[in-house]
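Okay, so here's the structure we're looking at.
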Amino acid sequence: LTAQDEAGAPVTRDSLATWDGDRRQVLGRLSGSVSAMAGFDDGASAGPRLFVVGTGLRVNNQFPVEAARWDGHGWEVVTATFPLGHPTTLLEFDLGQGSQLFVGGVGGTGLMRWTGSGWVEAGNAAVPILVQSLAGLAGPHGPEIVFGGGVLIDGQSYNYGRIRGDGSVAGISTPNVYFDRYPSVVASMTDRLGPAVYLGGGSPTTLGVPVASCHRYDGDSVTPLAATQRFRDVTSTRNDQSTITSFASFDDGTGLQVFAAGWVSACGAPGAESVEYAPTGLMFRMPQTGPDAGRVLRVGSGFASSGSELYRISSRVIRYAGRDQLAIAGPVLSAGSSASWGIAIFDGQTWSPFVPPAQVIGVFRPTVVQSVTVNGFERLVYNQSSSAGQIGYFEGASSFFNFLAGNPGGPNLRELFYFDDTMTDGPALYTQDSQSIRRVVNGQSQTLFSGSELKSAVVGDLGNGPQLFIGARFADG
């Protein structure tokens, strides 16, 4: 944690502080990298203490330290180094011998517990584990600690496992979830079905196929809860690992819900073929009461984009379905309560998504959208980000893209509109890119203006009828 004064100068470099809603207060002199903290009463003093673990901690000028505790007045070194090498997480839990403090990490058996005067091994020396996260579960077979990380049992590798009071270790199988450079996350929850541990982590995704990356473990079985996808960039066919990094339960006044957050672009119920996506903005929720109990729902509304730098978001008002609507094109991932690809339309109350034919998902990259009547039917016409220039429309559910004759589209196209300049038989298609204004007449493209740094174009009426106005950098400045 860092803080600055009004002049921008650093106030402190200490690693831990409290916030009371009005001001920040540093907890003594502690610096370094804190990886976990937990309150625990070890009986050594009157009341609980705050335990922290990490790497390279400096406590009261002692360095290095891997565990310390705060008694409300000052820091005390608990241990300089752990036998397990690198502590990652803390958990207070009763594994059958009273409440104890456990620390998980990398090395040794992977799990240790605090006795009040020192740390002792709590795992099984015959089955070493790698621990990234810990959660307690009052399961049907007694209390157990669930861990996320890694364990190898009889040649089988697992990213999750459990340890019971007798020291037995078993792996928890979760299809499609694996540890790479992203942590395997576990969290204790009491949901509508009872006590459970929610499992999250990294899940490889294939274009167009979501995978279950969020599971529920109840001590007996594992149930997939949500399927997710992550698009690194809507302009690319490349997908990245969909990753759940944290869980939290919260009642926002509508009933208890479980929230999941991480690196996800879309989510829905498990089942790759029947999933109904919801925009996430990196987060989704699972209500535990009411008619939506168990469903995977969005958090918030509106549209979400990938933040791509390859092409920008464009927006315009179009006349579509008998009313004016806001049309947004670009690296759009979702609209309202559904996944959307490149296009989102808003009528003032409802967001309408756009999903192109499955065969073109990943290569369809709209930059501008407009409404036009073609052969008596209203169509949404798109410009695609392509060096060849592609302005056209889809015919129903067909993957065939109907190109408009003479279209001057391209990756630099910024405006696409119809304008009746009285020089043609009705409104003609006009386009504007960074260097020119063009018009399509009888299937032929005509350049009406060219110049450096053409910024914008708009049709407006200043009292003399509709006219076309452009903004650019002209030769005379």
Side-chain angles (χ1 to χ4, degrees), residues 234 277-279 298 301-305 311-358 360-361 364-386 389-410 413-421 424-433 437-441 456-461 465-469:
V234 76
Y277 286 110
R298 60 191 171 91
S301 61
F303 80 97
S305 72
Y311 69 102
R312 64 180 187 174
I313 290 281
S314 69
S315 61
R316 69 203 64 250
V317 175
I318 65 173
R319 190 71 179 177
Y320 183 63
R323 59 192 183 279
D324 288 345
Q325 302 196 59
L326 177 66
I328 296 173
V332 173
L333 294 176
S334 61
S337 60
S338 301
S340 192
W341 194 277
I343 302 291
I345 297 177
F346 184 58
D347 66 3
Q349 293 183 331
T350 304
W351 287 93
S352 298
F354 173 79
V355 179
V360 299
I361 287 182
F364 177 65
R365 307 173 185 175
T367 61
V368 185
V369 60
Q370 186 56 260
S371 173
V372 64
T373 299
V374 180
N375 298 327
F377 295 95
E378 189 175 47
R379 307 289 187 196
L380 288 177
V381 177
Y382 321 97
N383 173 73
Q384 292 202 66
S385 179
S386 167
Q390 299 178 350
I391 299 178
Y393 59 93
F394 291 105
E395 190 76 52
S398 170
S399 62
F400 181 74
F401 191 75
N402 295 278
F403 298 100
L404 296 183
N407 80 76
L413 194 73
R414 296 183 176 179
E415 295 290 344
L416 172 65
F417 55 90
Y418 282 81
F419 173 53
D420 189 351
D421 56 12
T424 59
D425 185 18
L429 175 65
Y430 276 70
T431 63
Q432 176 243 321
D433 57 28
I437 294 285
R438 299 182 184 182
R439 175 179 65 187
V440 177
V441 178
S456 60
V458 65
V459 175
D461 187 347
Q467 294 177 300
L468 176 61
F469 298 84

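The residues of the chain are indexed from 1 along the displayed sequence. Keep in mind that what you see is a predicted model, and the values were worked out from it rather than measured.
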Mind checking the [atom1]-[atom2] spacing from [X] to [Y]? Nearest 0.5 Å is all I need.
X	Y	atom1	atom2	value
S371	E378	OG	CD	4.0 Å
Q432	L416	CD	CG	11.0 Å
N383	L413	CG	CG	4.0 Å
L468	D420	CG	CG	12.5 Å
R439	T424	CZ	OG1	6.0 Å
Y320	Q370	OH	CD	12.0 Å

Taking C-beta and beyond as the side chain, do [X] and [Y] meet within less than 4.5 Å on heavy atoms?
X	Y	result
S315	L326	yes
V369	I345	no
V368	R316	yes

Check your understanding: Which heavy-atom pair separates P366 from Y382 by the least distance, and what is that distance?
Key -> CB-CB, 4.4 Å

Revision key, fill the gap. Correct closest heavy-atom pair for V440 and A428 would be O-CB, 3.8 Å

Point to revise | Exceeds 12 heavy-atom contacts within 6.0 angstrom, atom CG of D425 | key: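 Not more than 12 within 6.0 Å, no.
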
Check your understanding: Where do E415 and S456 land on the side chain to side chain contact (heavy atoms under 4.5 Å, CB included) test, with the steps shown first?
Key -> CA-CA 8 Å; E415 295 290 344; S456 60; 5.5 Å; no

Practice item. Taking ring pair (Phe, Tyr, Trp, His ring centres under 6.0 Å) as the test, write out the residues that go with F417, two or more places apart. Key: Y430

